[in-house]
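Okay, so here's the structure we're looking at.
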Protein chains: 4
Amino acid sequence: MKPKDDSKIEEIFEATLQLVKEHGLSGITVNMIAKKAGFATGTVYTYFENKEQLILKLFDRCFSNYARDYFAGFDPTAPFKVAFHTIWVNMIRHSMDRFSELVFIEQCFHSPYISEESRATYKEVFLPWKEMIEKGKREGLVKQLDVMWLMLYVRGTIREIVKYVQYNQLQITPEFIEQMFNMCWDGIKD
Amino acid sequence: MKPKDDSKIEEIFEATLQLVKEHGLSGITVNMIAKKAGFATGTVYTYFENKEQLILKLFDRCFSNYARDYFAGFDPTAPFKVAFHTIWVNMIRHSMDRFSELVFIEQCFHSPYISEESRATYKEVFLPWKEMIEKGKREGLVKQLDVMWLMLYVRGTIREIVKYVQYNQLQITPEFIEQMFNMCWDGIKD
Amino acid sequence: MKPKDDSKIEEIFEATLQLVKEHGLSGITVNMIAKKAGFATGTVYTYFENKEQLILKLFDRCFSNYARDYFAGFDPTAPFKVAFHTIWVNMIRHSMDRFSELVFIEQCFHSPYISEESRATYKEVFLPWKEMIEKGKREGLVKQLDVMWLMLYVRGTIREIVKYVQYNQLQITPEFIEQMFNMCWDGIKD
Amino acid sequence: MKPKDDSKIEEIFEATLQLVKEHGLSGITVNMIAKKAGFATGTVYTYFENKEQLILKLFDRCFSNYARDYFAGFDPTAPFKVAFHTIWVNMIRHSMDRFSELVFIEQCFHSPYISEESRATYKEVFLPWKEMIEKGKREGLVKQLDVMWLMLYVRGTIREIVKYVQYNQLQITPEFIEQMFNMCWDGIKD
DNA sequence: GATGAATGAGCCTTCATTCAT
DNA sequence: CATGAATGAAGGCTCATTCAT
């Protein structure tokens, strides 16, 4: 007997991510995914109920990856700037290393696939991050604005930088990352 | 293709923008566009060669609007911070007022519709903006980083703020805009 | 403008009936129907939501035809045997003339298309027929059995005769019909 | 194809019969059959060349069963009415007890599976039955009609009664069977 | 032999585009 | 020009059949 091969799920996911990066969510077919992953169309349906489920499962996966990398090595008791720096670097590294996942998530948000509930879940993951910034705010280390704006500010900065680096296939250095961090830090610090 | 009624083009454009905001670029059909605009499917083909041309023409239109609003009231001879402020406010106002166009442009970038050439054109429009920041850099007013990063930083900040405001249907005040501007300014100033 | 042509519905229905008679309900595809009716596959979907609706609408149609022909010229006040004869002849004539409809209805009953509700409706149509036989029973003209059995007996007789005539492409005469009627009548009369 | 386990064939047959009764011939898949029978899809192909052969073999089986039960205890030398009664009761009992086989045979007849040749074989089985009725006709006991019509008449009567009993899950008594027999007998007797 | 994952032809359906009215 | 029915290529999905384990 040929057991259901879980690595195939990974191959399907990887093929989907590459194709979405290249053609956009609107430009891919199940057939393309199967071909790219190296097997027949029908096989996709052994592992996923239908195309929508494939997209949703991949979305969950990407999201989990993001949340996992995001808080790696995060110590809530560390001084604010240290903790902030840890997460900031985590974010930019994750976004660089898993750029196709970033693109995929963005594409999903403006698609018929992701419902409002999914969007809600999206936010919850960032609660520890939010609390950390609130702590920094209480300590008078960051601007006295609604924390949401500070968070968006950080995300926007990172997202644009990563996109540019990727689309222009640039090599980045630790120094570059520190420069970007400083720019971002100068924006939020009080 | 000799359209007598130019207003129809506008109606098609507007319908498309609304539908893309609601359903994403992958979720719309020519029939949906025609229905929303208030006429028959075939009529769309009197004004546009095909769906791709419709999207591309609308993309150009949105892009022109962006460039037009962007530099409104811009005086290159004004002091740097003043000129920077003018454009910053133009950008955020345009993005708020024409949010559906912003969404549309973003969706297009990761679709099969927009080619590499279109992307190149995209950049040229920002040349005056680039030169202005370079001037500020020469004057020692902004950080000594590659100007590209400063530009991306500004764009990313604005984009995330606008998205959040729109999706949560918030009302914004001039004070809010100034707060956001300050955060952004603190990030790039030297 | 090319108005929606209702005669196309008839052509689709006719094509479907012929194909079901030849290949059975399990042997037909939407493509076959369209080809047989003389137009493109997609056209079927201008007139019917999907394959299931096409089948259901045709089922209703066949059923209405049956009920209509069934009671043609039926006079409830006529003597029992006369009224019974009228309907009996109507039934066998209808079944001969519209044999493909008979086959289609039978096929539908053992298919995933027809629900229990449809089956219920099926029965209601025969109420006048049922009442008539009950009257005959009260008058002591037919056997003192549950009317249902008398009805089924009549239907079964007719159905088998018609099938045989059709599959063997026989020509039938009025005399033949009378012979069959007598056999049936002898069975139910008291 | 050297099946070791003959009981598997029976299980496949039984599963098929049940499924056809529930979903119709057009509503079943090989996978459904295998699941219902309690083993893997591929196993079906150890016992049958393909789906068509499975259906055909089952059709033959059902048919043989029918013929076997049909003439159980039949004595050609017995008086006509006795012999006729024997077979009539055999038929109705078989049709009640093996209703799913009756449904299956009927479904097959209007499917792409059964060819004209199979239909021909079908008739041969009834030759003794035909001869018996012809004898009754020669003896002046039944109506002077083509024997075919008398046979169809009997079959139609039985078929409809059985269907109604089954679909309405009625319990039948020996008295009921005799009443039905009498109705049928009154129809054919001279 | 048994298993069930893999295969891909073929089905139902959608939708960009054409064209008769 | 405007209309929307007609077209048919192409996509999502099913399922009979094969085959590696």
Side-chain angles (χ1 to χ4, degrees), chain A residues 1-6 8 26-35 37-54, chain B residues 1-5 8 26-35 37-55, chain C residues 1-6 8 26-35 37-54, chain D residues 1-5 8 26-35 37-55:
Chain A
M1 200 205 62
K2 197 187 299 172
K4 205 183 262 188
D5 182 0
D6 267 16
K8 282 219 168 56
S26 57
I28 61 167
T29 70
V30 174
N31 202 28
M32 281 167 78
I33 294 170
K35 280 267 165 55
F39 28 75
T41 321
T43 306
V44 173
Y45 290 87
T46 305
Y47 294 92
F48 299 95
E49 223 174 305
N50 52 39
K51 190 185 180 184
E52 188 180 358
Q53 284 302 311
L54 157 53
Chain B
M1 245 183 63
K2 276 279 161 296
K4 180 174 258 169
D5 187 358
K8 280 220 170 52
S26 56
I28 62 168
T29 69
V30 174
N31 196 30
M32 280 167 80
I33 295 170
K35 278 267 166 54
F39 30 77
T41 320
T43 308
V44 172
Y45 288 84
T46 306
Y47 296 92
F48 298 97
E49 221 174 307
N50 52 38
K51 192 185 181 184
E52 188 180 359
Q53 284 303 310
L54 157 54
I55 299 293
Chain C
M1 198 204 64
K2 197 186 303 175
K4 205 183 261 188
D5 183 359
D6 267 15
K8 282 220 168 57
S26 57
I28 61 167
T29 68
V30 174
N31 201 28
M32 281 166 81
I33 295 170
K35 279 269 164 54
F39 28 75
T41 321
T43 306
V44 173
Y45 290 86
T46 304
Y47 295 92
F48 299 95
E49 226 175 301
N50 52 39
K51 190 185 181 183
E52 188 179 357
Q53 284 303 310
L54 158 53
Chain D
M1 245 183 61
K2 277 278 163 293
K4 178 174 265 170
D5 187 359
K8 281 219 168 54
S26 56
I28 61 166
T29 68
V30 174
N31 196 30
M32 280 166 79
I33 294 170
K35 278 267 165 56
F39 30 77
T41 320
T43 307
V44 173
Y45 288 85
T46 305
Y47 296 92
F48 299 96
E49 218 175 310
N50 53 36
K51 192 185 180 183
E52 189 179 358
Q53 284 304 310
L54 157 55
I55 299 293

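By convention in this document, chain letters (A, B, ...) are assigned in the order of the sequence lines, proteins followed by strands, and residues within each chain are numbered from 1. Just so it is clear, the structure is predicted and the values come from calculations on it, not from any experiment.
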Atom CE of M32(B) and atom C1' of dT14(E) are separated, to the nearest Å, by 13 Å
d(F48(A) CZ, T43(A) OG1) to nearest 0.5 Å is 12.0 Å
Residues in side chain to side chain donor-acceptor pair (under 3.5 Å) with N50(C), at least two apart? none
Under a 3.5 Å cut-off for both distances, is dC15(E) Watson-Crick or wobble paired, and to whom? dG8(F)
Between P of dT18(E) and CZ of F48(B), the distance in whole Å: 16 Å
Looking only at heavy atoms, what is the nearest atom pair of T29(D) and K51(D), with distance? CA-NZ, 4.4 Å
Nucleotide by nucleotide, 5' to 3', does protein get under 4.0 Å of the base (B), only the sugar-phosphate (S), or neither (-) in nucleotides 6-13 of chain E, counting heavy atoms? SBB--SSB
L54(A) vs V30(A) side-chain heavy atoms within contact, under 4.5 Å: no
Under 3.5 Å donor-acceptor, Y47(C) side chain and D5(C) backbone: yes
